[in-house]
Protein chains: 2
Amino acid sequence: MARRAAKTSPSPSDLDARKATILEAVVAEHIDTAQPVGSSSVAHSADVDVSPATVRSEMVALEREGYLAQPHTSAGRVPTDKGYRYFVDHLKSGVLSSAQQYQVRDFFANVRGEVEDVLEKTSTLLSELTSYTSVVVSAGHSHASILSVQLVSLEARHQLLVTVFSDGSVVKHSVNTTFDANFVDVSEASRQLNALLIGTTLEHRVQVPSRSDGVATLVRESVSVLHAEQPTTDGEQVFIGGSSKVAEVFVGVETVRKVLSILEQELLVVTLVQDILNRGLSVAIGSEHGYEPLSACAVIVAPVTIDGASAGAVGLLGPTRMKYREALAAAGMVSQHLARHFGGEDDLA
Amino acid sequence: MARRAAKTSPSPSDLDARKATILEAVVAEHIDTAQPVGSSSVAHSADVDVSPATVRSEMVALEREGYLAQPHTSAGRVPTDKGYRYFVDHLKSGVLSSAQQYQVRDFFANVRGEVEDVLEKTSTLLSELTSYTSVVVSAGHSHASILSVQLVSLEARHQLLVTVFSDGSVVKHSVNTTFDANFVDVSEASRQLNALLIGTTLEHRVQVPSRSDGVATLVRESVSVLHAEQPTTDGEQVFIGGSSKVAEVFVGVETVRKVLSILEQELLVVTLVQDILNRGLSVAIGSEHGYEPLSACAVIVAPVTIDGASAGAVGLLGPTRMKYREALAAAGMVSQHLARHFGGEDDLA
DNA sequence: CGTTGGCACTCGGTAGAATTGACTGCTAAC
DNA sequence: GTTAGCAGTCAATTCTACCGAGTGCCAACG
């Protein structure tokens, strides 16, 4: 009995060779044509050498097991999310065309400017490579240490706190006071803040002066405003490239609108990408990522790792019938080049 | 003869009262229904009390003069860009619903955070108010003076130049050297840069040391990298809100794609907005702004003026058949609140 | 017993014809 | 100059018939 069970369904999510081949043929063709695929075109495809009738009977099995679906009785089959999942799990990794490889290498050889500019442009590159919408997320600076803080006076009661982190990011915060601060106090507060904060990260709590004079108040206010940043965002930045591809790639205004409106919410996008990474996935298909408005989408992510630490991620967002092999290859190559660009080679730029 | 000419066409772009009423009725109804409007519905509309037949003969005149067009022989009339132009030029300015007014006031009473955050949120607000895509452009800092510059060492050959401007903006620039810079040199360079640049604007040219030692080189490099910013952009920032509205408001994937791909190019958007402002317009309809991909769009802009100086602009982008009165009112109200928010009341926040 | 060819059936998509109805332009009368 | 009436136009809609891709089932075959 155990054997029989093992035979009919060898393992919950493993298929016998012929079913696998057929499933892969269906998925591949549907990705190509966007049409439901019928038994005969599968039977005539390269790796399959059985008759359409046999393919049909396998297809009803695949449908029963949830890999395929039929839009209507007399139509071909369409992959379900589960079908796509099987497909990408058994995908042998591909490689970009040499023209595309050249484009990436050329880009990273010539790109210059501040980190943000580079990431922005990278996002555009990735989108142009794949013709899907791309997302580049840079890691927050919660683990970066503070290199410098400076308090600059804009108006008597309005100071600007400028903080430089070891990862090269710079953030500013407004510090408002209820009293007029004079120039000397601001400089002194700036000096004390430096002494207090340099070398710490945002996670360190520091001892602030409890006196009630102007300088101490400025210092207290500054530290609190700086440390208040934590909860909302970690300082991640998101760069979205090729949002117009959404209109090319999805059919139906409503889908386009839904996807665009998700992309507008940057916090959501960051969360989505990190969610997928945390689950150890590189692709989330349809309902897998749990965002209903994105149920028509697949999301590909590739972490960017510098010196063993996570420095961010790049992602691609396309229809579930996206060209996984090419897209995975593009995301992978770009993430590696990004890592190299901001890793050792940085001083070559 | 002169009199006769004056009678048939009183003035190149002025219409007699009845034609004007009819044109306005056509535009208003078409904005409402998105359908070609026929003579009878115009004749039955409030301000018109002539028969459909009369309306028809006026309509052929309006069509001959370029205010209306006919999609096909047996259809109603649709306004041309020129027709819309007449409509907005003769629009008595409207006012927002009290619910919307409340929403704006409430927003500005409660919003807090850095300038960028406020502008970003303002952009979302404006888009939600109107259900069109909104654009908020903040002026560049070419006229702002430098309050502070600081050189921070990231690596031996990689310094970060952080500049604070009197308008509260902070920019960073990488400064790379071909030699290892030590801490003392960097501090000294920082000190000299402060002495050199504080109080100047980016338009000032300053005298840099010509010596070839480390400090002088750092100073020269820093100044050059800072002044190099000018040509590309002026430091303007663009915040685009509600890009998903594009999919709601335009029909046809191709139009949606074109508009989105324009919105992706921020530089283009800034130029567009400034172009319109420079021409003294507040609305650019269809072909008026000269961007072919936006020929289906109308763009509304309202300058934000603080203490008599231009501090940026807010804009709305919708279809040519947009609700001009409401949109103009919204843009106007938001721009005024923005000016007030960052003007005198700033220290109340 | 798995595989295959054959066959009847289903059902979405398309093409054409007929119909509808919302317009117009024109004209003749007011 | 304005209006009612009328004939004409043309997109949109509906209906019908039909086609064909594709299925499920079954009987025959190795």
Side-chain angles (χ1 to χ4, degrees), chain A residues 3-4 7-10 15-23 25-27 29-30 32-45 47-65 67-80 83 251-252, chain B residues 3-4 7-10 15-23 25-27 29-30 32-45 47-65 67-80 83 251-252:
Chain A
R3 183 181 300 166
R4 182 133 136 242
K7 198 170 171 192
T8 6
S9 56
L15 299 169
D16 68 61
R18 195 170 67 184
K19 277 204 185 63
T21 316
I22 289 174
L23 176 55
V26 171
V27 176
E29 183 169 334
H30 182 256
D32 218 52
T33 64
Q35 299 290 325
V37 346
S39 55
S40 80
S41 62
V42 171
H44 296 141
S45 88
D47 303 325
V48 183
D49 52 355
V50 290
S51 75
T54 313
V55 172
R56 281 203 284 279
S57 67
E58 294 290 44
M59 276 171 145
V60 316
L62 285 167
E63 182 167 2
R64 193 174 45 236
E65 292 169 46
Y67 294 97
L68 294 178
Q70 230 177 345
H72 58 85
T73 335
S74 70
R77 299 308 206 290
V78 159
T80 59
V251 288
Chain B
R3 182 182 300 168
R4 184 136 133 238
K7 197 171 172 193
T8 5
S9 56
L15 301 169
D16 67 63
R18 194 170 69 183
K19 278 204 184 64
T21 317
I22 289 176
L23 175 55
V26 171
V27 175
E29 183 168 335
H30 183 255
D32 217 53
T33 64
Q35 299 290 325
V37 346
S39 55
S40 81
S41 62
V42 171
H44 297 140
S45 87
D47 303 324
V48 183
D49 51 357
V50 288
S51 78
T54 312
V55 172
R56 281 204 283 280
S57 66
E58 294 290 43
M59 275 172 146
V60 316
L62 284 168
E63 182 169 1
R64 193 174 46 236
E65 293 168 45
Y67 293 97
L68 295 178
Q70 230 177 345
H72 58 85
T73 334
S74 70
R77 300 305 206 291
V78 158
T80 60
V251 288

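Chain letters run A, B, ... following the sequence lines, proteins first and then strands; every chain starts at 1.
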Undergrad: Can you see which heavy atom on Ala25(A) is nearest to which on Val42(A), and at what distance?
TA: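 Scanning both residues, the minimum pair turns out to be CB-CG1, 4.1 Å.
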
Undergrad: Between the protein and nucleotides 13-16 of chain C, list the N/O to N/O atom pairs that are separated by less than 3.5 angstrom.
TA:
none

Undergrad: Starting from P on dG12(C), measure out to CD on Gln35(A) and report it in whole angstrom.
TA: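 Rounding to the nearest Å, CD of Gln35(A) and P of dG12(C) are 15 Å apart.
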
Undergrad: By side-chain contact (heavy atoms from CB on, under 4.5 Å), which residues pair with Thr33(B), not counting sequence neighbours?
TA: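 Residues passing side-chain contact (heavy atoms from CB on, under 4.5 Å) with Thr33(B): Glu29(B), Gln35(B).
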
Undergrad: Are any non-hydrogen side-chain atoms of Val26(A) and Tyr67(A) less than 4.5 angstrom apart?
TA: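 They are not in side-chain contact.
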
Undergrad: Which pairs, protein N/O on one side and nucleotides 28-30 of chain C N/O on the other, fall under 3.5 Å?
TA:
none

Undergrad: From CD of Glu58(A) over to P of dC1(C), roughly how many Å is that when rounded to an integer?
TA: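 Rounded to the whole Å, the gap is 17 Å.
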
Undergrad: Kindly say whether Ala17(B) contributes a backbone atom to a donor-acceptor pair with the side chain of Thr21(B) at under 3.5 angstrom?
TA: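 The answer is yes, because a donor-acceptor pair under 3.5 Å joins these two groups.
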
Undergrad: According to salt bridge (charged side-chain N to carboxylate O under 4.0 Å, His left out), does anything in residues 70-79 of chain B pair up with another residue at least two apart or in another chain? List the pairs.
TA: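 Passing the test, one end in residues 70-79 of chain B: Glu63(B)-Arg77(B).
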
Undergrad: Scan nucleotides 22-30 of chain D nucleotide by nucleotide, 5' to 3', and note B when protein non-hydrogen atoms come under 4.0 Å of the base, S if they reach only the sugar-phosphate, - if neither.
TA: SBBB-----

Undergrad: For Gln70(B), give me all partners under side chain to side chain donor-acceptor pair (under 3.5 Å), at least two apart in sequence or on another chain.
TA: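 By the side chain to side chain donor-acceptor pair (under 3.5 Å) rule, Gln70(B) matches no residue at all.
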
Undergrad: Determine whether Asp47(A) and Ile22(A) satisfy the following criterion, side chain to side chain contact (heavy atoms under 4.5 Å, CB included), listing intermediate values before the conclusion.
TA: CA-CA 8 Å; Asp47(A) 303 325; Ile22(A) 289 174; over 6 Å; no

Undergrad: What residues form a side chain to side chain donor-acceptor pair (under 3.5 Å) with Thr54(A), not counting sequence neighbours?
TA: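 Testing Thr54(A) for side chain to side chain donor-acceptor pair (under 3.5 Å), a comparison that skips the adjacent residues, returns Ser51(A).
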
Undergrad: Which pair of non-hydrogen atoms, one from Pro71(A) and one from Pro36(A), has the smallest distance, and what is that distance?
TA: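 Scanning both residues, the minimum pair turns out to be CG-CG, 4.0 Å.
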
Undergrad: Run the side chain to side chain contact (heavy atoms under 4.5 Å, CB included) test on Leu68(A) and Val78(A) for me, step by step, so that the C-alpha distance in whole Å, both residues' side-chain angles and the decisive distance to 0.1 Å come before the verdict.
TA: CA-CA 6 Å; Leu68(A) 294 178; Val78(A) 159; over 6 Å; no

Undergrad: Once salt bridge (charged side-chain N to carboxylate O under 4.0 Å, His left out) is applied, do any residues pair with Glu58(B), and if so which ones, sequence neighbours excluded?
TA: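 If we apply the salt bridge (charged side-chain N to carboxylate O under 4.0 Å, His left out) test to Glu58(B), skipping adjacent residues, the hits are Arg18(B), Lys19(B).
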
Undergrad: Over how many whole Å does the gap from Leu68(B) atom CG to dC23(C) atom P extend?
TA: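 Those two atoms, CG and P, are 14 Å apart.
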
Undergrad: Just report the end-to-end axis angle for the helix from dC1(C)-dG30(D) to dC30(C)-dG1(D), five pairs per end, to 10 degrees.
TA: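 Nearest ten degrees gives 20° for this helix.
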
Undergrad: Which residues satisfy the side-chain contact (heavy atoms from CB on, under 4.5 Å) test with Pro52(A), sequence neighbours excluded?
TA: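 Result, side-chain contact (heavy atoms from CB on, under 4.5 Å) vs Pro52(A): Ser39(A), Ser40(A), Ala43(A), Arg56(A).
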
